[in-house]
Amino acid sequence: MIKLIALDMDGTALDNEKKLSGSVREAIEKALAAGIHVVPTTGRAKWTIPQSVLDIQGMRYAITSNGATIWDLPERDILAQKMISSDDAWEIVSFARRFQCYIELLWFGKVYTEEKMIQNPERYTDDSGFKEYVSHHHNGVEHLGNFLTKVLGVEKMNIYYLPKEIREKVESRLRAQKKMEISHSLGGGLELTAAGVNKGMALETICSILKISPEETAAIGDSDNDISMMKYAGHKIAMGNANDRVKEITDWTAPGNGEDGAAAAILHCIEGTI
């Protein structure tokens with residue numbers, strides 16, 4: 001019997017407009033009513049998860065920032081967290097800012113970047129969805145270096161809209177240092193957490209806290225940063241829009257995120273038909 005569902009957000013629970021459909025919400029509520037933990041498991045910071053998700057009654061836990069932080073949502077408490085040190089973060093920021101790219105830091109559930117980046121997102125992309133995301137969720141600081149002197153570390157770093165050849169250069173440097181977990185994201189971007197920090201590690205941690213075995217756990221996702229949690233979970237479901245690397249390790253492929261595929265996947269978990 002499945003007791004916990006690790007549910008990715010973007011490309012999975014959320015549709016192409018970044019919204020939670022009524023069908024997916026109803027499926028989540030049905031799972032919660034059946035006593036199954038549904039855990040949003042996302043690269044997002046806590047407070048950038050859509051409020052329509054956070055408002056669901058009975059939703060207790062969330063894994064955010066690609067596994068860097070595990071939240072107890074009703075208590076607004078952090079159960080586990082592993083950060084990138086401020087020194088390591090600044091080394092990356094100071095190197096990446098030589099290139100024209102958008103840099104953001106995730107810290108205690110919020111997203112921070114420099115004011116000049118918030119004011120001119122069109123310098124990096126003409127993606128209207130990204131511009132909306134920036135306007136709604138970003139907290140501006142004058143200089144990321146100064147911000148990093150005031151904190152002990154950050155949950156996650158995102159470097160967006162790097163040209164391919166520059167991204168490869170940055171990634172090669174980071175992999176050689178072996179200080180970061182690296183995944184890819186929108187616009188030729190890199191998502192960085194501390195070494196060993198990923199969704200799978202966080203899923204193992206929350207399952208240990210709740211005394212739930214991998215065989216009692218399901219993971220639903222679509223992207224490379226979901227692979228680690230799928231390797232841990234006993235039941236693995238890919239979205240129809242997932243890439244081939246995800247599909248080849250999963251037990252079943254649901255319809256795409258634009259077709260309420262997450263609802264179908266959750267119902268399979270409730271019914272025990274995967």
Side-chain angles (χ1 to χ4, degrees), residues 1-15 20-21 23-44 49 53 56 58-67 69-73 79-80 181 183 196-274:
M1 175 182 173
I2 291 173
K3 296 183 179 180
L4 185 147
I5 300 170
L7 181 65
D8 174 51
M9 292 284 102
D10 295 277
T12 300
L14 306 181
D15 63 20
L20 185 74
S21 75
S23 295
V24 175
R25 182 187 180 98
E26 288 172 11
I28 292 172
E29 291 172 338
K30 186 172 181 179
L32 294 169
I36 299 171
H37 292 283
V38 180
V39 180
T41 305
T42 178
R44 293 181 178 227
I49 297 173
V53 176
I56 296 175
M59 188 87 78
R60 181 66 187 267
Y61 305 105
I63 293 170
T64 63
S65 299
N66 275 353
T69 305
I70 302 173
W71 291 89
D72 182 323
L73 295 173
L79 299 181
E181 191 88 6
S183 59
V197 173
N198 53 50
K199 291 183 179 184
M201 176 276 295
L203 179 57
E204 182 176 1
T205 299
I206 189 67
C207 285
S208 177
I209 292 170
L210 298 174
K211 302 188 185 311
I212 294 173
S213 70
E215 293 72 25
E216 296 170 317
T217 304
I220 308 171
D222 72 304
S223 297
D224 284 356
N225 67 349
D226 299 318
I227 289 174
S228 62
M229 72 175 182
M230 290 181 171
K231 287 182 175 178
Y232 175 80
H235 305 275
K236 320 166 202 303
I237 302 175
M239 299 297 290
N241 51 286
N243 66 48
D244 290 341
R245 293 179 295 279
V246 172
K247 288 180 179 178
E248 69 185 13
I249 66 166
T250 53
D251 306 309
W252 182 68
T253 299
N257 67 315
E259 306 168 271
D260 290 332
I266 293 167
L267 293 175
H268 272 277
C269 293
I270 296 169
E271 295 160 2
T273 54
I274 61 167

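Quick caveat, the model's predicted, so the values are computed rather than measured.
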Quiz prompt | Nearest-0.5 Å distance that lies between atom CE in Met9 and atom CG in Asp226 | solution = 10.5 Å
Quiz item: Which distance, rounded to the nearest 0.5 Å, do you find between the NZ of Lys231 and the CD of Glu204?
Solution: 13.5 Å
Practice problem: Check step by step if side-chain contact (heavy atoms from CB on, under 4.5 Å) holds for Tyr61 and Leu79. | Solution: CA-CA 9 Å; Tyr61 305 105; Leu79 299 181; 3.6 Å; yes
Self-check item: Evaluation steps, side-chain contact (heavy atoms from CB on, under 4.5 Å), between Ile36 and Ile270
Solution: CA-CA 8 Å; Ile36 299 171; Ile270 296 169; 4.1 Å; yes
Self-check item: Sub-4.5 Å side-chain heavy-atom contact between Asn66 and Glu181
Solution: no
Quiz prompt | Heavy-atom closest pair, residues Cys269 and Ala218 | solution = SG-CB, 3.7 Å
Self-check item: Separation of Ser183 OG from Asn225 CG (nearest 0.5 Å)
Solution: 5.0 Å
Self-check item: Flag, side chain of Ser21 to backbone of Val24, donor-acceptor distance under 3.5 Å
Solution: yes
Quiz prompt | Check against side-chain contact (heavy atoms from CB on, under 4.5 Å), Ile2 and Thr217 | solution = CA-CA 6 Å; Ile2 291 173; Thr217 304; over 6 Å; no
Quiz prompt | Shortest non-hydrogen contact between Asn241 and Gly256, atoms and distance | solution = OD1-CA, 3.3 Å
Quiz prompt | Donor-acceptor side-chain pairing of Asn243 and Asp224 below 3.5 angstrom | solution = yes
Self-check item: Matching residue for Val39 among Leu4, Ile70, Leu7 - test: side chain to side chain contact (heavy atoms under 4.5 Å, CB included)
Solution: Leu4
Quiz item: Is Lys247 reaching over with its side chain to a backbone N or O of Gly240, donor-acceptor style, under 3.5 angstrom?
Solution: yes
Quiz item: Quick one: side-chain hydrogen bond (donor to acceptor under 3.5 Å, both in side chains) partners of Ser213, sequence neighbours excluded?
Solution: Glu215, Glu216
Quiz item: Of the non-hydrogen atoms in Ala263 and Ser23, which two are nearest, and what is the gap between them?
Solution: CB-O, 3.6 Å
Quiz item: Side chain of Glu271, backbone of His268: donor and acceptor closer than 3.5 Å?
Solution: no
Self-check item: pair Ile28-Met59: side-chain heavy atoms closer than 4.5 Å
Solution: yes
Exercise. Could you walk me through whether Lys199 and Asp8 pass the side-chain contact (heavy atoms from CB on, under 4.5 Å) test, one step at a time?
Key: CA-CA 10 Å; Lys199 291 183 179 184; Asp8 174 51; 3.0 Å; yes
Quiz item: What heavy-atom pair brings Gly234 and Asp251 nearest, and what distance separates the two atoms?
Solution: O-OD2, 3.9 Å
Exercise. Indicate yes or no: does Arg25 engage Glu29 in a salt bridge with an N to O separation below 4.0 Å.
Key: yes
Quiz item: Within the distance-only criterion (no hydrogens, no angle test), does the side chain of Ser228 pair as donor or acceptor with the backbone N or O of Gly200 below 3.5 angstrom?
Solution: yes
Quiz prompt | Ile63 CD1 to Met229 CE distance, which is reported to the nearest 0.5 Å | solution = 8.0 Å
Quiz item: Side chains of Ile206 and Ile212: closer than 4.5 Å at any heavy-atom pair?
Solution: no
Quiz item: Does the side chain of Asn257 come under 3.5 Å of the side chain of Thr12 through a donor N or O and an acceptor N or O?
Solution: no
Exercise. Give a yes or no answer on whether the side chain of Asn198 reaches the backbone of Met201 with a donor-acceptor pair at less than 3.5 Å.
Key: yes
Quiz item: Within the side chain of Lys236, is there an N or O that forms a donor-acceptor pair under 3.5 Å with the backbone of Ala233?
Solution: yes
Quiz prompt | Least distance between heavy atoms, Trp252 atom then Ala265 atom | solution = CZ3-CA, 3.9 Å
Self-check item: Separation between NE2 of His235 and CD1 of Ile220, rounded to the nearest 0.5 Å
Solution: 11.5 Å
Exercise. Please identify each residue that fulfils side chain to side chain contact (heavy atoms under 4.5 Å, CB included) with Asp10, with sequence neighbours left out.
Key: Leu14, Lys18, Thr42, Arg44
Quiz item: Got Thr41 and Leu203 here, is their nearest side-chain heavy-atom distance under 4.5 Å?
Solution: no
Self-check item: Within-4.5 Å side-chain heavy-atom neighbours: Ile237 and Thr250
Solution: no
Quiz item: Does the side chain of Ile5 reach to within under 4.5 Å of the side chain of Ile266, using non-hydrogen atoms?
Solution: yes
